[in-house]
Protein chains: 2
Amino acid sequence: MTVTIKDVAKRANVAPSTVSRVIADSPRISEKTKKKVREAMKELGYHPNFIARSLANKSTQVIGLVMPSSADKAFQNPFFPEVIRGISKAVHDRQYALQLSTGETEAEIYDGVVHMVQGKRVDGVILLYSRANDKIMAYLQKEDVPFVVIGKPHKKAEEITHVDNDNVRAAREATEYLIELGHERIAFVGGNVNLIVTMDRLRGYEKALKSAGLAYRKDYIVHEEFLKEGGQEAMKELLSLAEPPTALVVADDLMALGVLNTLAEMGLSVPGDVSIVSFNNVLLSEISRPPLTSVDINIFQLGFEAARNLIQQIENPNEPIKRIIIPHTLVKRFSCDYYKAPSQ
Amino acid sequence: MTVTIKDVAKRANVAPSTVSRVIADSPRISEKTKKKVREAMKELGYHPNFIARSLANKSTQVIGLVMPSSADKAFQNPFFPEVIRGISKAVHDRQYALQLSTGETEAEIYDGVVHMVQGKRVDGVILLYSRANDKIMAYLQKEDVPFVVIGKPHKKAEEITHVDNDNVRAAREATEYLIELGHERIAFVGGNVNLIVTMDRLRGYEKALKSAGLAYRKDYIVHEEFLKEGGQEAMKELLSLAEPPTALVVADDLMALGVLNTLAEMGLSVPGDVSIVSFNNVLLSEISRPPLTSVDINIFQLGFEAARNLIQQIENPNEPIKRIIIPHTLVKRFSCDYYKAPSQ
DNA sequence: TTGTAGGCGTTATCAG
DNA sequence: CTGATAACGCCTACAA
């Protein structure tokens, strides 16, 4: 039925092993036979069987991708298509394939990962998120599976290859930008508290306040997820304080969109009444109203480097642990303005 | 190194084939030996090797997913995470894995698909989009690979299993809703003209106009992609007509978001000056300003059914061709209002 | 009910 | 430079 290496071998009057070598483009085969074999392959319409190769090789040329729980609204974040685009790019040239984790709940996803790892379906794994006490990460580490995480591991970051932004600095700079504009009452609107990226950005925000000599107020820190039902409450509370903030540092663009709309509903204008700076600089930030000032974290690059380094790690077992920091830049649009003292 | 079926066999004092049968839960093995073998598996930490199984079986339990070109902004559409969520759900229970097509350009993606099909890496394929003259679809058909498309195939739809909405009807109903509100000057803002879904929705729009006795005007049809640089131009032109439309049927929520912002920039209010109804009802439509009236097309279900049917097709070779229509419903929010004659 | 043996399509190790 | 031959880990007749 399917044409195999043997058929090609017969057709070209050589041994199967020779055909195999031609496929691998071994330098120890004469150009003449190579040509002969290649012709036979063409004529028969031969295509190597990856599965058989994998079995013999103990290498699948497949990389597993682990997304956060799809039950989570975070799944809808445009961050993911974009990292995947980067990963896909890096992976395509080197002939690797991508396999996606499946399942809705955390438990299901965990099982899925165990399955694809134990079943030897993948050579390595990329974790597309990083949060505190992640079972999957612990598992991968225990099993000594090649993997890289996008984001900073919660613990033992120096033992795990990861690709990240300097989120502390990014957040500090974003906050400093607002300070430069004259704002003194700046609030922080974070996402899921378990995500390391949230923690880091919060720390950067803190640092900026501190070095500017501004007070760090607990009531200025909000961690609701604005995309959830009723998530607007915390936002409303924040702006009903006796001394409401005049500027917000928002965890990411999708959340910023939610914030933008809550503000509009409350009759507050951006950047007129409140300035906003957010993160990620996805498509959304351009087409929002007003277009968002956002920290571009080079999502594509995050994915690209993660994949590139994972492949290196797979192909070279004693590749050292690495920490790769992708640069960021503040993209100024129209969601920030100078602080204006309220006209009494 | 790795523990195989043989190791388990020795440990349990049975033949490898017996172990194999236990894995498959063959009814022709006594409960007693089953238990014995299972204990041995546990003790040794055995996990079946999927690759080896695939080779022997000629079945990989993997489904390939083909996304549109990631060079395309369409890639950022929240439609995709959501279909994938549905697919993932359907696939997880039945122990199938998902493989993603890689590559940026169309040519790269085509190559990728050929690779994964010829390399026997997948048992079947789901096409996550449908457009006119798609090389990939033609290829899959020619090679007789089990596949299903999400959306309606351009040609020979009766020969290809597909999962779709009745987009013609959906668009007609959406348009009729605007007509009921008193609108007579209704424009259509479509996405990529090559996508079948765009064509169908345009047809539905046309039908609604026709049966309401309203004129179908060419200058009311716009097909720019609003997410592109300069895509707002067509929009502006549309609204600068001598008789500008008072309502818009917009291809999908993401585009609607862009339209919303272009309108705001032009100083037009929604739904005050212009009413908008769009499609897909993704998260975005809830958090946009105003929240969008949108046709819910049950994206999750589209993915779920596609996967379910593909698996049936894979496991039962003479499964008939099917056309599955997922129901839709108009979700009314705040982007539509009654037509108000302009105060002279 | 269970064991034996051959095969799935490649690659790798030896010879030559 | 090329050819046998034995794996890779599992499945499935066919036997027993």
Side-chain angles (χ1 to χ4, degrees), chain A residues 1-38 40-41 44-62 95 115-123 315, chain B residues 1-38 40-41 44-62 95 115-123 315:
Chain A
M1 186 64 236
T2 53
V3 25
T4 80
I5 216 173
K6 287 182 188 168
D7 303 316
V8 178
K10 275 182 197 154
R11 189 85 150 95
N13 283 316
V14 295
S17 47
T18 303
V19 177
S20 173
R21 291 188 186 105
V22 173
I23 294 172
D25 200 22
S26 159
R28 335 191 304 179
I29 294 283
S30 73
E31 276 310 319
K32 202 171 136 197
T33 43
K34 272 189 188 174
K35 191 186 282 181
K36 194 172 55 178
V37 170
R38 288 195 179 119
M41 299 199 306
L44 298 178
Y46 169 78
H47 284 274
N49 181 321
F50 261 101
I51 301 295
R53 174 182 291 202
S54 295
L55 186 59
N57 266 346
K58 293 169 159 307
S59 120
T60 60
Q61 302 259 106
V62 177
Q95 301 261 53
H115 253 78
M116 74 181 177
V117 167
Q118 307 282 28
K120 302 271 187 294
R121 292 226 222 210
V122 299
D123 291 342
E315 296 182 349
Chain B
M1 189 60 239
T2 53
V3 25
T4 82
I5 216 174
K6 285 182 189 168
D7 303 316
V8 177
K10 274 183 199 153
R11 188 84 150 96
N13 284 317
V14 295
S17 51
T18 304
V19 178
S20 174
R21 290 187 185 108
V22 173
I23 294 173
D25 200 22
S26 159
R28 340 191 300 180
I29 294 284
S30 73
E31 277 308 320
K32 202 172 136 198
T33 43
K34 271 189 189 172
K35 190 186 284 182
K36 194 172 58 180
V37 169
R38 286 196 180 120
M41 297 199 308
L44 298 178
Y46 170 78
H47 284 274
N49 181 320
F50 260 100
I51 299 296
R53 173 183 291 204
S54 296
L55 186 60
N57 270 345
K58 291 169 160 304
S59 119
T60 60
Q61 303 258 105
V62 178
Q95 301 261 52
H115 253 79
M116 74 183 177
V117 168
Q118 307 281 30
K120 301 271 187 295
R121 292 226 223 211
V122 298
D123 291 342
E315 296 181 349

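Protein chains get the first letters and strands the later ones, always in sequence-line order, with residue 1 at the start of each. The structure presented is a predicted model; accordingly, all values stated were derived computationally and were not measured.
- When each of B:Met41, B:Lys35, B:Lys36 is checked for a side chain to side chain contact (heavy atoms under 4.5 Å, CB included) with B:Arg38, only B:Met41 meets the rule.
- Between B:Pro27 and A:Pro48, the residue anchored nearer the 5' end of DNA chain C, judged by the nucleotide with its closest heavy atom, is B:Pro27.
- Within 4.0 Å of B:Val14, counting heavy atoms only, lie sugar-phosphate atoms of the nucleic acid but no base atom.
- Side-chain N/O atoms of A:Asn57 include one lying less than 4.0 angstrom from OP1 or OP2 on C:dA12.
- A:Phe50 comes within contact range of no nucleotide atom at all, as no heavy-atom separation falls under 4.0 Å.
- Residue contacts for A:Asp7: at a heavy-atom cut-off of 4.0 Å it reaches no nucleic acid atom on any strand shown.
- The interatomic distance linking A:Leu55 (CG) with D:dC10 (P) rounds to 9 Å, in whole Å.
- The distance from atom CD1 of A:Ile51 to atom C1' of C:dG7 is 17 Å, rounded to the nearest whole Å.
- Using a 4.0 Å heavy-atom criterion, one finds that B:Pro16 contacts no nucleic acid atom at all.
- Of the possible polar contacts, one joining the B:Lys34 side chain to the B:Ser26 backbone as a donor-acceptor pair under 3.5 Å is found.
- In this structure, the nucleotide among C:dG3, D:dG9, C:dC14 sitting nearest to the side chain of B:Thr2 is D:dG9.
- In this structure, the CD atom of A:Gln61 is 20 Å from the P atom of D:dC8, given to the nearest Å.
- Listed nucleotides: C:dT2, D:dC11, C:dT10. Nearest to the side chain of B:Ile5: D:dC11.
- Base contact: B:Ser20 has a heavy atom under 4.0 Å from a base atom.
- Distances from the side chain of B:Ala15 to the nucleotides D:dC1, C:dG3, D:dG3 place C:dG3 closest.
- Remark: P of C:dT2 and CG of B:Asn13 are 13 Å apart, rounded to the nearest angstrom.
- Using a 4.0 Å heavy-atom criterion, one finds that B:Ile29 contacts the sugar-phosphate atoms exclusively.
- Across all strands shown, B:Thr33 has heavy atoms under 4.0 Å from sugar-phosphate atoms exclusively, and none from any base.
- For the pair A:Arg21 and B:Thr18, both in contact range of DNA chain C, the more 5′-proximal nearest nucleotide belongs to B:Thr18.
- The side-chain heavy atoms of B:Thr4 and B:Asn49, taken from C-beta on, include no pair separated by under 4.5 Å.
- Distances shorter than 4.0 Å separate some side-chain N or O of B:Arg53 from OP1 or OP2 on D:dC11.
- A:Asn49 places its CG atom 13 Å from the C1' atom of D:dC8, with the value rounded to the nearest Å.
- Exactly one residue among B:Thr18, B:Val14, B:Val19 makes a side chain to side chain contact (heavy atoms under 4.5 Å, CB included) with B:Val8. That residue is B:Val19.
- Between the OG atom in A:Ser20 and the CZ atom in A:Arg53 there is a gap of 7.5 Å [rounded to 0.5 Å].
- Spacing between atom NZ of A:Lys10 and atom P of C:dG9 amounts to 12 Å, rounded to whole angstrom units.
- Atoms NZ (B:Lys36) and C1' (C:dT1) sit 11 Å apart, rounded to a whole Å.
- Minimum atom distance to the side chain of A:Arg28 is reached by C:dC14, of the listed C:dC14, D:dG9, C:dT11.
- A close approach under 4.0 Å does not occur between any side-chain nitrogen or oxygen of B:Ser17 and OP1 or OP2 of C:dT2.
- For A:Lys58 and C:dT11, the shortest distance from a side-chain N or O to OP1 or OP2 is not below 4.0 Å.
- For the pair A:Asp123 (side chain) and A:Thr60 (backbone), a donor-acceptor distance under 3.5 Å is present.
- Whole-Å rounding puts the A:Glu31 CD to D:dC1 P distance at 10 Å.
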